[in-house]
2 protein chains.
Amino acid sequence: MKLSSRSRYGFRAILELAVGYGNGPIQIKTIADREDISNKYLEQLIAMLKAAGLVRSIRGPRGGYTLAKPPSEIRLDEVFSTLEGPLVAVDCLEHPSFCPKCTDCVTRRIWSEMQDAVLNVLRSKTLQDVVDMSKGTDRDANYTI
Amino acid sequence: MKLSSRSRYGFRAILELAVGYGNGPIQIKTIADREDISNKYLEQLIAMLKAAGLVRSIRGPRGGYTLAKPPSEIRLDEVFSTLEGPLVAVDCLEHPSFCPKCTDCVTRRIWSEMQDAVLNVLRSKTLQDVVDMSKGTDRDANYTI
DNA sequence: GTATAAGCTAGTAAAATGGTAGGTTTATAG
DNA sequence: CTATAAACCTACCATTTTACTAGCTTATAC
């Protein structure tokens, strides 16, 4: 249950877009440099975010990416499930028919509680909330390896 | 962030031991048959649980495994961190020195909240609690694929 | 029409996952 | 004391996932 680089990088990238929201597009190169992520790898991560409708692109010179909607309308769980796939999940949580005894399975209930706990954290926050959290602290402190 | 088979199988196995606690040792073969897990693979998982001091073994014929302490004294987070490694973790949560800006890093705070959310669920429950949950439902319902 | 940036597709080394296989030790029942 | 039942290694293996790299194509502002 370690967080993948995919999620960490992707999250940092979309956070950059959230911080710069309203000031025109930001280029992959800019983000990659600022966050010290491989340019080409980041390209793929942003493509995922775009496919999920969280991010919008402008091609050509002076192009780049912006959030598809204001930071206050993007919840963290949307970002995460895009990058990481279903959270904490066990197959039988989504497809009860998967397992014959799903209805009163104890272990399943535990997995479910774990999943809900994580989702509650992520659903309760938007990108705007995170941007606000970082105000007051050093701008460059948006940083996780 | 999908739960590995390691965790799912291992958890089901230790739960078998919890249910049978006080009635002598249970053999790997028995658990493997009952839970439909590969014998040899389960052997390795139980070895992890033993190395962590959660399980005790008796060798020779009529041997097998028992919990090392009563089910009420084994919290789920102990089981999980044994099987799965650090939960949800990002390296900088454990080793703040890992990242130069750890002290006031926003993303780190989010990861930390996620981790705490999961840990709180798991820390608040012991194997006994899970056994009690399953009472009343069909015995064979301790089942997750 | 050229530079700039996104977009696409394929490949790839390294690690993790989910096992198998086969032998070695320890204890017990007879 | 011997057969056997179990735990206890240790090594290997196929597949999948991860975290990239490489190189080409397409759109567009100037």
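Quantities reported herein were computed from a predicted structural model and do not represent experimental measurements. To find a chain, count down the sequence lines: A is the first, B the second, and so on, and within it residues start at 1.
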With sugar-phosphate meaning primed atoms plus P, OP1 and OP2, does Lys50(B) contact a base, only sugar-phosphate, or nothing at under 4.0 Å between heavy atoms?
sugar-phosphate
Sugar-phosphate, base or nothing in reach of Ile58(B), heavy atoms under 4.0 Å: sugar-phosphate
Just how far, in rounded Å, is [atom2] of [N] from [atom1] of [X]?
X        : N       : atom1 : atom2 : result
Lys29(A) : dA6(C)  : NZ    : P     : 11 Å
Tyr41(B) : dT17(C) : OH    : P     : 8 Å
Met48(A) : dT9(C)  : CE    : P     : 15 Å
Met1(A)  : dT17(C) : CE    : C1'   : 16 Å
Leu3(B)  : dA16(C) : CG    : C1'   : 15 Å
Asn39(B) : dA21(C) : CG    : C1'   : 13 Å
Ile37(B) : dT17(C) : CD1   : C1'   : 15 Å
Arg8(A)  : dT18(D) : CZ    : C1'   : 11 Å

Please determine if a side-chain N or O atom of [X] lies less than 4.0 Å away from the OP1 or OP2 oxygen of [N].
X        : N       : value
Arg62(A) : dT4(C)  : no
Tyr65(B) : dA6(D)  : no
Ser4(B)  : dA16(C) : no
Ser5(A)  : dA19(D) : yes
Ser57(B) : dA6(D)  : no
Arg59(B) : dT25(C) : no

Item to check | Nearest-nucleotide 5' precedence on DNA chain D, Arg6(A) against Lys40(A) | outcome: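 By nearest-heavy-atom nucleotide position, the 5'-most residue is Arg6(A).
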Exceeds 12 heavy-atom contacts within 6.0 angstrom, atom NZ of Lys2(B):
no
Heavy-atom nearest nucleotide on DNA chain C taken for Ile46(A) and for Gln44(B); more 5' hit belongs to Ile46(A)
Whichever of Pro61(B) and Glu43(A) has its nearest DNA chain C nucleotide further upstream toward 5'
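First, find each residue's nearest nucleotide; the 5'-ward one identifies Glu43(A).
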Among the clusters formed by ILVMFWY side chains lying less than 4.5 Å apart, do Val131(B) and Tyr65(B) turn up in the same one?
yes
- prompt: Is there a chain of hydrophobic side chains (I, L, V, M, F, W, Y, each step under 4.5 Å between heavy atoms) that links Val55(B) to Val19(B)?
  reply: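 Per the 4.5 Å side-chain linkage, Val55(B) and Val19(B) are co-clustered.
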Look at the aromatic rings of Tyr41(B) and Tyr9(B) and report parallel, tilted or perpendicular, splitting at 30° and 60°.
perpendicular
Check against side-chain contact (heavy atoms from CB on, under 4.5 Å), Phe80(B) and Met1(A)
CA-CA 10 Å; Phe80(B) 268 84; Met1(A) 295 227 324; over 6 Å; no
